[in-house]
Protein chains: 2
Amino acid sequence: MAPRIKDVAEAAGVSVTTVSRVLSNNGPVRDSVRRRVLEVIEQLDYRPNAAAQRLRSGDTATIGLIVSDVRNPFFTEVSRAVEDAAYAQGMRVILCNTDENPEKEAMYLRLMESERVTGVIYSPTYEAARRFDARTYAFPVVMIDRAGPAGVTDAVTLDNRDAATRLAEHLVERGYKRCAGLFGNASTTGRERHAAFVEALQQHGVSAAAEFVDPHPEAAHARVTAWLAAESDERPDAIVASNGLLLLGAYRALREHGARMPDDVALAGFDNDAWTDLVTPGVTVIAQPVYEIGKNAMQLLTQRLAEPEMSTRTLVLPGELVVRGSTGA
Amino acid sequence: MAPRIKDVAEAAGVSVTTVSRVLSNNGPVRDSVRRRVLEVIEQLDYRPNAAAQRLRSGDTATIGLIVSDVRNPFFTEVSRAVEDAAYAQGMRVILCNTDENPEKEAMYLRLMESERVTGVIYSPTYEAARRFDARTYAFPVVMIDRAGPAGVTDAVTLDNRDAATRLAEHLVERGYKRCAGLFGNASTTGRERHAAFVEALQQHGVSAAAEFVDPHPEAAHARVTAWLAAESDERPDAIVASNGLLLLGAYRALREHGARMPDDVALAGFDNDAWTDLVTPGVTVIAQPVYEIGKNAMQLLTQRLAEPEMSTRTLVLPGELVVRGSTGA
DNA sequence: ATGAAAGCGCTAACAT
DNA sequence: ATGTTAGCGCTTTCAT
């Protein structure tokens with residue numbers, strides 16, 4: 001069996017308390033004693049039992065990260081940012097993929113409770129966000145990408161209104177007249193981007209055929225295919241997608257049907273995923289500060305833990321319009 | 001405070017033992033009693049304390065997953081596969097990014113020991129793999145992508161020799177005469193692919209200028225830039241990259257220098273990452289069964305836990321050559 | 001089928 | 001500066 005703290009104490013000729021003190025660097029220990037203990041630890045290859053530490057101290061030093069799917073580049077990057085920040089503070093991360101499935105969300109939230117996590121960073125579906133009641137939980141929650149009910153938890157989001165407006169205005173400037181948009185139906189984010197997009201276009205007298213779809217490439221693909229089949233005076237001359245997954249599906253559909261960008265139809269969207277820069281022409285996007293979003297979420301969480309009663313804060317980060325060939329010369 | 005098992009027991013008028021029995025579905029409990037206990041659990045919103053369960057039972061139900069960087073699409077997919085399989089078995093996973101840094105690898109391995117993990121799935125650097133001594137660890141390890149010392153642990157890898165040979169022969173068939181290759185210097189995988197690639201080319205009398213580089217896009221970018229600057233009779237007419245990251249760097253360099261594929265220079269590599277299919281021309285790749293690799297790693301681990309003394313196994317999965325425009329019409 | 005009691009390995013009062 | 005002691009919340013013998 002692995003050595004226990006008691007074995008270390010005996011071998012070093014001190015009490016377990018003293019060993020505990022040198023482990024946590026907390027409490028007074030004579031330097032010569034500390035060295036001796038450290039030596040024994042090294043020699044026995046002692047590793048404190050994390051489960052015992054957590055049980056006894058009541059501090060699990062664990063962050064729960066609940067996202068729809070790490071394979072979405074947005075969440076891949078967020079997860080890396082959260083993990084970097086967490087490990088740097090001696091905390092661990094439990095990553096959960098919900099696949100936008102409310103049952104999985106509920107299940108993982110239960111898991112977080114069993115784990116007695118220190119805090120949770122959470123990207124809820126629209127439905128789950130609506131129902132979410134922070135008072136139910138013993139740990140603080142920071143929402144990312146999608147905000148929950150206003151003021152109920154801390155949150156880090158993109159400035160969706162601004163970004164969607166900039167995208168719309170860019171299309172107007174470039175002279176597009178029949179703009180169509182695909183928006184994720186599972187998130188507040190999709191709704192916010194939708195509202196701002198439609199509003200901005202209407203202000204400029206440009207028609208906006210915006211639709212909500214399941215947040216998967218396939219859904220976007222199907223919708224774009226249908227649009228391309230329309231009579232030419234009904235067919236959109238510009239298409240926007242509200243996240244990287246939908247943008248990918250839209251792009252694939254355009255390619256497959258031989259639609260040339262931007263001549264036959266322009267394309268733009270959210271998320272500066274790697275491929276958007278690599279294809280020809282490049283795809284105009286709103287770049288989100290992805291790593292920053294994750295990093296800031298951890299910061300909000302840390303501050304909340306330090307000061308639980310502080311009033312809730314929503315951090316709104318700016319997106320950056322990256323213009324590429326898909327929306328004009 | 002959150003209710004404890006004792007609270008549930010008292011409210012249900014039974015002993016904690018009985019509650020424990022219904023929680024674990026293990027041991028005899030009268031049906032009427034079970035229902036009553038379940039009711040109380042629901043009513044009190046009781047969640048068993050995972051740390052206490054782990055400490056007492058000695059079973060952490062935790063898998064460690066150590067990779068270089070989840071942002072590498074290969075590992076993104078592997079991590080999703082491992083998480084799916086783990087959660088399906090009621091296990092949790094701790095994900096660690098080493099950035100190919102031996103110090104981080106050592107640190108995370110220590111963390112795994114503290115966590116008393118049930119098992120580890122590990123993609124070591126070349127150096128760490130060489131030094132790795134399975135006997136040091138109380139938990140079984142399954143290596144992925146890169147194998148450790150032969151027969152020391154279970155492992156899941158690609159058939160690197162076969163894949164690299166197929167890639168080389170494809171280039172020969174297409175008539176390329178001066179093939180250059182970029183191989184990751186931090187993994188056994190890079191070495192295996194290198195050896196097979198060079199060997200296959202030489203058998204066909206084709207020159208092979210193969211080099212080892214740091215496994216980052218930037219390193220590949222720099223090397224390819226240098227190759228392009230060479231005298232035209234020295235310049236390679238085909239370039240191969242031994243993983244998705246290097247392939248991306250190589251592709252970027254070719255684009256930036258206006259090299260047309262495949263006319264000026266052909267390009268091929270490993271990993272069927274999303275962008276390789278989206279760019280024009282598409283990039284010829286060896287597609288790895290990525291999700292399968294993760295899934296199989298969990299299976300080997302599960303079997304090893306069931307039968308610790310079984311002799312070690314290496315699962316070798318075939319790659320698939322996906323021919324696209326970057327290596328010819 | 002159920003319960004009493006011991007104890008997993010550690011930390012945190014509280015002595016001294 | 002160091003040690004003694006009492007649990008943290010659970011599972012697991014061992015009785016009954």
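All chains are named by letter (A, B, ...) in the order of the sequence lines, taking the proteins before the strands, and each is independently numbered beginning at 1. Quick caveat: nothing in here was measured; it's all calculated off a predicted structure.
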- Which part of the nucleic acid does Arg21(B) contact within heavy-atom distance under 4.0 Å: base, sugar-phosphate only, or nothing?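 If one applies the 4.0 Å heavy-atom cut-off, Arg21(B) turns out to touch a base.
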- Query: Which part of the nucleic acid, if any, lies within contact of Thr18(A), taking any heavy atom under 4.0 Å across all strands shown: a base, the sugar-phosphate backbone alone, or nothing?
  - Reply: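 Answer is sugar-phosphate: Thr18(A) comes under 4.0 Å of backbone atoms only.
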Check the phosphate of [N] against [X], side-chain N and O only, distance under 4.0 Å to OP1 or OP2. Yes or no?
{"X": "Thr17(B)", "N": "dG3(C)", "result": "no"}
{"X": "Arg30(B)", "N": "dT2(C)", "result": "yes"}
{"X": "Gln53(A)", "N": "dT11(C)", "result": "yes"}

Determine whether a donor-acceptor pair (one donor, one acceptor, N or O, separation below 3.5 Å) exists between the side chain of [X] and the base of [N].
{"X": "Ser20(A)", "N": "dA12(C)", "value": "no"}
{"X": "Ser57(A)", "N": "dA12(C)", "value": "no"}
{"X": "Ser24(A)", "N": "dT11(C)", "value": "no"}

Ignoring the backbone of [X], work out which of [options] is nearest its side chain.
{"X": "Leu55(B)", "options": "dT2(D), dG9(C), dT2(C)", "result": "dG9(C)"}
{"X": "Pro28(A)", "options": "dA1(D), dC10(C), dG9(D)", "result": "dA1(D)"}
{"X": "Val16(B)", "options": "dT2(D), dT2(C), dA5(C)", "result": "dA5(C)"}

Spacing between [X] atom [atom1] and [N] atom [atom2], to the nearest angstrom:
{"X": "Ile5(A)", "N": "dT11(C)", "atom1": "CD1", "atom2": "C1'", "value": "8 Å"}
{"X": "Lys6(B)", "N": "dA4(C)", "atom1": "NZ", "atom2": "P", "value": "12 Å"}
{"X": "Asp7(B)", "N": "dC8(D)", "atom1": "CG", "atom2": "C1'", "value": "14 Å"}
{"X": "Leu23(A)", "N": "dC10(C)", "atom1": "CG", "atom2": "P", "value": "8 Å"}
{"X": "Asn26(A)", "N": "dT2(D)", "atom1": "CG", "atom2": "P", "value": "15 Å"}
{"X": "Arg116(B)", "N": "dG9(C)", "atom1": "CZ", "atom2": "P", "value": "8 Å"}
{"X": "Glu10(B)", "N": "dG3(C)", "atom1": "CD", "atom2": "C1'", "value": "14 Å"}
{"X": "Arg56(B)", "N": "dC8(C)", "atom1": "CZ", "atom2": "C1'", "value": "6 Å"}

- Query: Do other residues, nucleotides or ligands put more than 12 heavy atoms under 6.0 Å from the NZ atom of Lys295(A)?
  - Reply: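 At most 12 heavy atoms, drawn from other residues, nucleotides or ligands, come within 6.0 Å of this atom.
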- If each of Gly13(A) and Ala52(A) is mapped to the nucleotide of DNA chain D with the nearest heavy atom, which maps nearer the 5' terminus, i.e. the 5' end?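 By nearest-heavy-atom nucleotide position, the 5'-most residue is Gly13(A).
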- Message: Whether Glu100(B) and Arg146(B) form a salt bridge (side-chain N of Lys/Arg under 4.0 Å from carboxylate O of Asp/Glu) is what I want to check.
- Response: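 Yes, this pair counts.
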- Salt bridge Glu127(A)-Arg131(A), side-chain N to carboxylate O under 4.0 Å: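 Answer for the salt bridge query: yes.
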- So, for Tyr122(B) and Val141(B), which heavy atoms are closest and what is the spacing to 0.1 Å?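 Closest approach of Tyr122(B) to Val141(B), heavy atoms only: CB-CG1, 4.0 Å.
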- Message: Donor-acceptor check, side chain of Thr118(B) to backbone of Ile63(B), threshold 3.5 angstrom: yes or no?
- Response: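 Side chain of Thr118(B) to backbone of Ile63(B): no pair is present.
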